[in-house]
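To keep things clear, I will list the structure first and then write my remarks on it.
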Amino acid sequence: MESTIQSKVGEVRYTSFGSTFIGSLLSFFSKKLMQQAPPEQPLYFLAREGYWLEKMYQTYLKGAGLKRDSFYLLVSRAFLFKIMMDDERSYRHSLKSDFNSSFYHLMRTRFLLSDQEIKSIFDQESYELEVSLP
């Protein structure tokens, strides 16, 4: 398998990698989304990589002759974590990444809480606790 192609100006293009590996991976991803997501509920793709994933998903559906609603949301995950703090279903997403610092820092960085919000909700002993997430 040819891994790269040299262009006329010396830039490396990864067309073979994209067409043989990434294309297959994204097709599989789209197929699984289509099979597992309820057709009557739209899918929402979030900021950064979500823009391209939503476009790819719609391209896959078009090629398959299907139509389903999907949307790209330019919104930070931290903002979504913040507005979903009172919903336990969100914890598996908001607390799954590595983290080693204080509870205060977790609330500031992961949930975008202000100093005032943290101090009005938690006591000082709580926000000084050290937190380690897997």
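- The closest side-chain heavy-atom distance from Glu128 to Tyr104 is not below 4.5 Å.
- We find the OG-CZ distance between Ser102 and Phe99 to be 6.0 Å, quoted to the nearest 0.5 Å.
- Closest of all the heavy-atom pairs between Met34 and Tyr60 is SD-CE2, 4.2 Å.
- Checked against Met107 for a side chain to side chain contact (heavy atoms under 4.5 Å, CB included), the options Ile118, Val131, Ile121 give a single hit: Ile118.
- Contact record, Leu53 with Phe29: CD2-CE2, 4.0 Å, taken as the closest heavy-atom pair.
- Contact check for Gln124 versus Tyr127: side-chain heavy atoms found under the 4.5 Å cut-off.
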Thr109 vs Ser101, test: side-chain contact (heavy atoms from CB on, under 4.5 Å). Steps then yes/no. CA-CA 11 Å; Thr109 59; Ser101 191; over 6 Å; no

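- Judged by distance alone, with hydrogens and angles left aside, the side-chain atoms of Gln58 form a donor-acceptor pair with the main-chain N or O of Arg68 at under 3.5 Å.
- No side-chain donor-acceptor contact under 3.5 Å links Gln36 to the backbone of Leu33.
- Residues Phe103 and Phe122 bring their aromatic ring centres within 6.0 Å.
- Between the CG atom in Leu95 and the CG atom in Leu106 there is a gap of 6.5 Å [rounded to 0.5 Å].
- Linking Ile, Leu, Val, Met, Phe, Trp and Tyr residues whenever their side-chain heavy atoms come within less than 4.5 Å leaves Phe111 and Phe79 in two separate clusters.
- In this structure, Leu133 and Asn100 have side chains that are not in contact, with every pair of non-hydrogen atoms separated by 4.5 Å or more.
- Listed for the Ser90 side chain is no donor-acceptor partner under 3.5 Å among the backbone atoms of Phe81.
- Both Phe71 and Leu80 are assigned to one and the same hydrophobic cluster, defined by single-linkage of ILVMFWY side chains at heavy-atom distances under 4.5 Å.
- Here the straight-line distance linking atom CG of Leu74 with atom CZ of Arg48 works out to 11.0 Å at 0.5 Å rounding.
- Within a 6.0 Å sphere centred on CZ of Phe28, other residues, nucleotides and ligands contribute 12 heavy atoms or fewer.
- Looking only at side-chain heavy atoms (C-beta outward), Leu113 and Met85 come within less than 4.5 Å of each other.
- Proximity of Tyr57 to Phe45: side-chain heavy atoms (C-beta onward) are separated by under 4.5 Å at one or more points.
- Residues Arg108 and Asp115 are in side-chain contact: their nearest non-hydrogen atoms beyond the backbone lie under 4.5 Å apart.
- With Ser30 contributing its side chain and Ser27 its backbone, the two residues share no donor-acceptor pair below 3.5 Å.
- The backbone N or O of Ser94 lies less than 3.5 Å from a partner atom in the side chain of Arg110, making a donor-acceptor pair.
- Within a 6.0 Å radius of CD in Glu130, more than 12 heavy atoms belonging to other residues, nucleotides or ligands are found.
- Contact annotation: the side chain of Leu43 never approaches that of Asp69 to less than 4.5 Å [non-hydrogen atoms, C-beta and beyond].
- Remark: Glu40 CD is packed, more than 12 non-hydrogen atoms of other residues, nucleotides or ligands lying under 6.0 Å away.
- Remark: His93 NE2 to Lys96 NZ distance equals 7.0 Å, nearest 0.5 Å.
- Nearest heavy atoms, Glu54 versus Tyr72: CG-N, 4.1 Å.
- The shortest distance between side-chain heavy atoms of Gln35 and Lys31 falls below 4.5 Å.
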Could you walk me through whether Arg77 and Glu49 pass salt bridge (Lys or Arg N to Asp or Glu O under 4.0 Å), step by step? CA-CA 12 Å; Arg77 286 165 183 78; Glu49 67 279 351; 2.4 Å; yes

